[in-house]
S.K.: 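Mind having a look at this structure? Questions to follow.
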Amino acid sequence: MSFQPIKSAVLGVGLGGMTFHIPFVLALPKYFTLSAVLERNPAGPGGKLAARFGAEVAKDVKIYRTYEELFADADIELVFISTPSETHYGLAKLALLAGKHVLVDKPVTAIATEAYELGELAKSKGLVLYPFQNRRWDSDFLALRKLLALPPSDPKSLGTLVEFESRFDRFRTALKNTWKDLPIPANGLTYDLGAHLIDQALVLFGRPAKLTAFIENVRGIGHKEVDDNFTVYLHYPGQPATDTVQPTSLTVILRGHILSVRSTQVRYVVRGTHGTFTKGGVDVQEDQLKAIHPAAIIADATFGLEPERIWGTVENVTPDGSIATSTWPSLEKGNYSGLFVDLALAIREGKQQAVTWAQSAEVIEMIELAYRSAKEERTLPVPPRP
């Protein structure tokens, strides 16, 4: 039986919709058909869709000016929500009530209770509710997972982990003058980039025992409530020993700094009893998506391929006590398409989601705890799952 493409609509024609969602809907015609977009004030025929992807792409796509009209379209099966973060909960709820499957950009909601409520609503209606945690398909994260999966006997194994540091740093001295600079719910760098780092950490290590966070507007510009700098510590018990050394704890450090002057930013530093992994740079897919035609996502062999100059380095202690240094290559290409295919299979075939909604709700729990920890200037215990 052939796969019936899912009739899809995208809410939001800013960076998220035009870079991270529409290109993949267009690139995967086996799985999706772009039926509509929401654009309140299109400048001309086809609006931003035609301006970016061409009139031929836009000619059969409906442009709705209000979400009420879009949700009333009975042909639309799936809605991608890539609007300002504070609107995610309300729009996702309306879409579910209208009988649509929904993908929600991160952060999925401002507070965890809203996220869990949406999850229950989707479950009650038999609909797929999918969080856009695309950075699980970054080439560097895929390479890191392969390294961490090595058996202790492998000479490149890091051994028992004692510290894991994951960062999204940048150097930016001015505001971008977008909605992200406004003091509204779910804004700030912790919600924006912290959501990715926390998600990756929870995938690797699960729910922590305690959390400590430092969050601020370090540049002192714009609204002081909108943070541009965070450091979040997730505290875990020691992992099971792989040799005679039994660490008492594992500390996960997640950081986003807005005033980091480097030509290549640090991405990972992972320390274990047998070795250390360091890596710089960032996955190339975002920059590629801003420039290429959607067809190139599948056809271009270089899409998602990380340059060798930013491959990671592993330093391992040898039997004689010396340090052996080697390259840990990112051989697997970054593959955001994997998320979209997984979404389609969840809708059409009932496949278990690779990224579950409960996982995304847990990310919001950790973000809320991080803000509370920073405000109260103390380490907080992480409660059991709801």
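We use all heavy atoms of the structure for the numbers below, so side chains are in, but hydrogens, waters and symmetry mates are not.
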S.K.: Flag the pair His101 / Leu129 as yes when at least one side-chain heavy-atom distance between them is below 4.5 Å, and no otherwise.
M.R.: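 Heavy-atom side-chain distance check fails, nothing below 4.5 Å.
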S.K.: For the residue pair Gly281 and Asp140, what are the closest heavy atoms and their distance?
M.R.: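 Closest heavy-atom pair between Gly281 and Asp140: O-OD2, 4.4 Å.
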S.K.: Per the side-chain contact (heavy atoms from CB on, under 4.5 Å) rule, which among Ile215, Val218, Asn217 passes with Asn229?
M.R.: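 Single pass found, and it is Val218.
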S.K.: Please test Glu286 against Asn134 for side-chain contact (heavy atoms from CB on, under 4.5 Å), starting from the C-alpha separation and ending with a verdict.
M.R.: CA-CA 11 Å; Glu286 178 174 350; Asn134 60 313; over 6 Å; no
S.K.: Looking at Tyr191 and Ala110, would you say the former's side chain and the latter's main chain have a donor-acceptor pair under 3.5 Å?
M.R.: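 Here the side-chain-to-backbone pair exists.
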S.K.: Between Pro23 and Ile297, is any pair of side-chain heavy atoms under 4.5 Å apart?
M.R.: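 Yes; the side chains approach each other to less than 4.5 Å.
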S.K.: Test your reading of the model: is there a side-chain donor-acceptor pair from Thr273 to the backbone of Thr160, 3.5 Å cut-off?
M.R.: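 Checked: pair present.
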S.K.: Scan residues 348-370 for pairs that pass ring-ring contact (aromatic ring centres under 6.0 Å, His included), counting only residues two or more places apart or in two chains.
M.R.: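 Applying ring-ring contact (aromatic ring centres under 6.0 Å, His included) to every pair that reaches into residues 348-370, excluding sequence neighbours, yields nothing.
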S.K.: Main chain of Ser322, side chain of Thr318: is a donor-acceptor contact present, judged purely on distance under 3.5 Å?
M.R.: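 Present.
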S.K.: Looking at Asp192 and Lys180, is there a salt bridge between them, counting it only when a charged N and a carboxylate O are closer than 4.0 Å?
M.R.: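 So Lys180 pairs with Asp192 through a salt bridge.
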S.K.: Does any non-hydrogen side-chain atom of Phe168 lie less than 4.5 Å from one of His257?
M.R.: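 In short, these two side chains do not touch, never coming nearer than 4.5 Å.
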S.K.: Rounded at 0.5 Å granularity, tell me how far CG in Leu127 sits from NZ in Lys123.
M.R.: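 Taking CG in Leu127 and NZ in Lys123, the distance rounds to 13.5 Å.
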S.K.: Please give me the minimum heavy-atom distance between Pro107 and Ser85, naming the atom from each residue.
M.R.: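 Taking every non-hydrogen atom into account, CD-OG, 3.4 Å.
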S.K.: Apply the side-chain hydrogen bond (donor to acceptor under 3.5 Å, both in side chains) test between Asp105 and each candidate in His88, Gln133, His21; give the one that qualifies.
M.R.: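 For Asp105, the side-chain hydrogen bond (donor to acceptor under 3.5 Å, both in side chains) test succeeds with only one of His88, Gln133, His21, which is His21.
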S.K.: Do Thr356 side-chain atoms and Gln359 backbone N/O form a donor-acceptor pair below 3.5 Å?
M.R.: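 A pair under 3.5 Å: yes.
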S.K.: Ring centres under 6.0 Å, that's the criterion: do Phe340 and Tyr31 meet it?
M.R.: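 Between Phe340 and Tyr31, the centre distance exceeds or equals 6.0 Å.
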S.K.: Does the Ser157 side chain pair with the main chain of Asp154, one donor and one acceptor, at a distance under 3.5 Å?
M.R.: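 No; zero donor-acceptor contacts below 3.5 Å.
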S.K.: Which heavy atom in Gly46 sits nearest to a heavy atom in Ile63, and how many Å separate them?
M.R.: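 Scanning both residues completely, I find the closest heavy atoms to be C-CD1, 3.4 Å.
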S.K.: If you count heavy atoms of other groups shown closer than 6.0 angstrom to NZ of Lys156, is the number above 12?
M.R.: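 Atom NZ in Lys156 is crowded, with more than 12 foreign heavy atoms closer than 6.0 Å.
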S.K.: Taking ring pair (Phe, Tyr, Trp, His ring centres under 6.0 Å) as the test, write out the residues that go with Phe171, two or more places apart.
M.R.: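 Partners of Phe171 under the ring pair (Phe, Tyr, Trp, His ring centres under 6.0 Å) test: none.
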S.K.: Identify all side-chain donor-acceptor contacts of residues 265-272 below 3.5 Å with residues at least two apart in sequence or on another chain.
M.R.:
residue, atom, partner, partner atom, Å
Gln265, OE1, Ser260, OG, 2.7
Gln265, NE2, Ser260, O, 2.8
Arg267, NH1, Ser166, OG, 2.8
Arg267, NH1, Arg167, O, 3.3
Arg267, NH2, Gln200, OE1, 3.0
Tyr268, OH, Gln200, OE1, 3.1
Arg271, NH1, Glu163, OE2, 2.6

S.K.: Using side-chain heavy atoms (C-beta onward) and a distance below 4.5 Å, is His223 in contact with Asp181?
M.R.: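 A side-chain contact under 4.5 Å is absent here.
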S.K.: Is there side-chain contact between Ile298 and Phe303, with at least one heavy-atom pair below 4.5 Å?
M.R.: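 Ile298 does not reach Phe303 side chain to side chain.
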S.K.: Sequence neighbours excluded and cut-off under 3.5 Å, please list the side-chain donor-acceptor pairs for residues 9-20, or say none.
M.R.:
residue, atom, partner, partner atom, Å
Thr19, OG1, Leu15, O, 3.1

S.K.: Just verifying a value: how many Å separate Asp300 CG and Gln288 CD, rounded to the nearest 0.5 Å?
M.R.: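 Between atom CG of Asp300 and atom CD of Gln288 there are 7.0 Å.
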S.K.: So how far is it from Ile258 CD1 to Glu216 CD, rounded to the nearest 0.5 Å?
M.R.: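 Nearest 0.5 Å value for the CD1-CD distance: 12.0 Å.
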S.K.: May I ask you to say whether Arg136 pairs ionically with Asp199, meaning some side-chain N is under 4.0 Å from a carboxylate O?
M.R.: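 The answer is yes: the pair qualifies as a salt bridge.
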S.K.: Where the side chain of Gln246 meets the backbone of Ala241, is there a donor-acceptor pair that is under 3.5 Å apart?
M.R.: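 Here the side-chain-to-backbone pair exists.
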S.K.: Do the charged groups of Arg145 and Glu332 touch, with an N to O distance under 4.0 Å?
M.R.: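 No, no charged N to carboxylate O under 4.0 Å.
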S.K.: Side chains of Leu234 and Leu211: closer than 4.5 Å at any heavy-atom pair?
M.R.: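 The answer is yes, as the side chains (C-beta and beyond) meet within the 4.5 Å cut-off.
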S.K.: To the closest 0.5 Å, what do you measure between CG (Leu96) and CG (Leu121)?
M.R.: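 Between atom CG of Leu96 and atom CG of Leu121 there are 5.0 Å.
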S.K.: Do Leu97 and Lys125 have side chains that approach each other closer than 4.5 Å (heavy atoms only, starting at C-beta)?
M.R.: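 A side-chain contact exists here, since the closest heavy-atom pair is under 4.5 Å.
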S.K.: Any ion pair linking Arg207 and Glu365 (charged N to carboxylate O, less than 4.0 Å)?
M.R.: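 Yes, Glu365 and Arg207 are salt-bridged.
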S.K.: Would you list the pairs meeting side chain to side chain donor-acceptor pair (under 3.5 Å) in which at least one residue belongs to residues 342-353, sequence neighbours left out?
M.R.: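 Counting only pairs at least two positions apart or across chains, the side chain to side chain donor-acceptor pair (under 3.5 Å) contacts touching residues 342-353 are Glu77-Arg348, Tyr130-Asp342, Asp342-Lys351.
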S.K.: For Glu376, does the CD atom sit with more than 12 other heavy atoms under 6.0 Å from it, leaving out its own atoms?
M.R.: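 Atom CD in Glu376 is packed in, count exceeds 12.
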S.K.: Do Ser373 side-chain atoms and Arg378 backbone N/O form a donor-acceptor pair below 3.5 Å?
M.R.: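 Present.
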S.K.: Is Val314 close to Leu158 at the side-chain level, that is, under 4.5 Å between some pair of heavy atoms?
M.R.: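 Yes, side chains in contact.
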S.K.: What distance separates Asp60 CG from Leu34 CG, expressed to the nearest 0.5 Å?
M.R.: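 With rounding to 0.5 Å, CG (Asp60) is 10.0 Å from CG (Leu34).
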S.K.: Linking Ile, Leu, Val, Met, Phe, Trp and Tyr through side-chain heavy atoms less than 4.5 Å apart, which residues share a cluster with Trp179?
M.R.: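 The other cluster members (ILVMFWY side chains, heavy atoms under 4.5 Å, direct or chained) are Leu182, Ile184.
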S.K.: Flag yes if more than 12 heavy atoms outside Tyr67 fall under 6.0 Å of its OH atom; otherwise flag no.
M.R.: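 Count not over threshold, so no.
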S.K.: Out of curiosity, Leu202 CG to Met366 CE, how far, rounded to the nearest 0.5 Å?
M.R.: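 Between Leu202 CG and Met366 CE, I get 6.5 Å after rounding to 0.5 Å.
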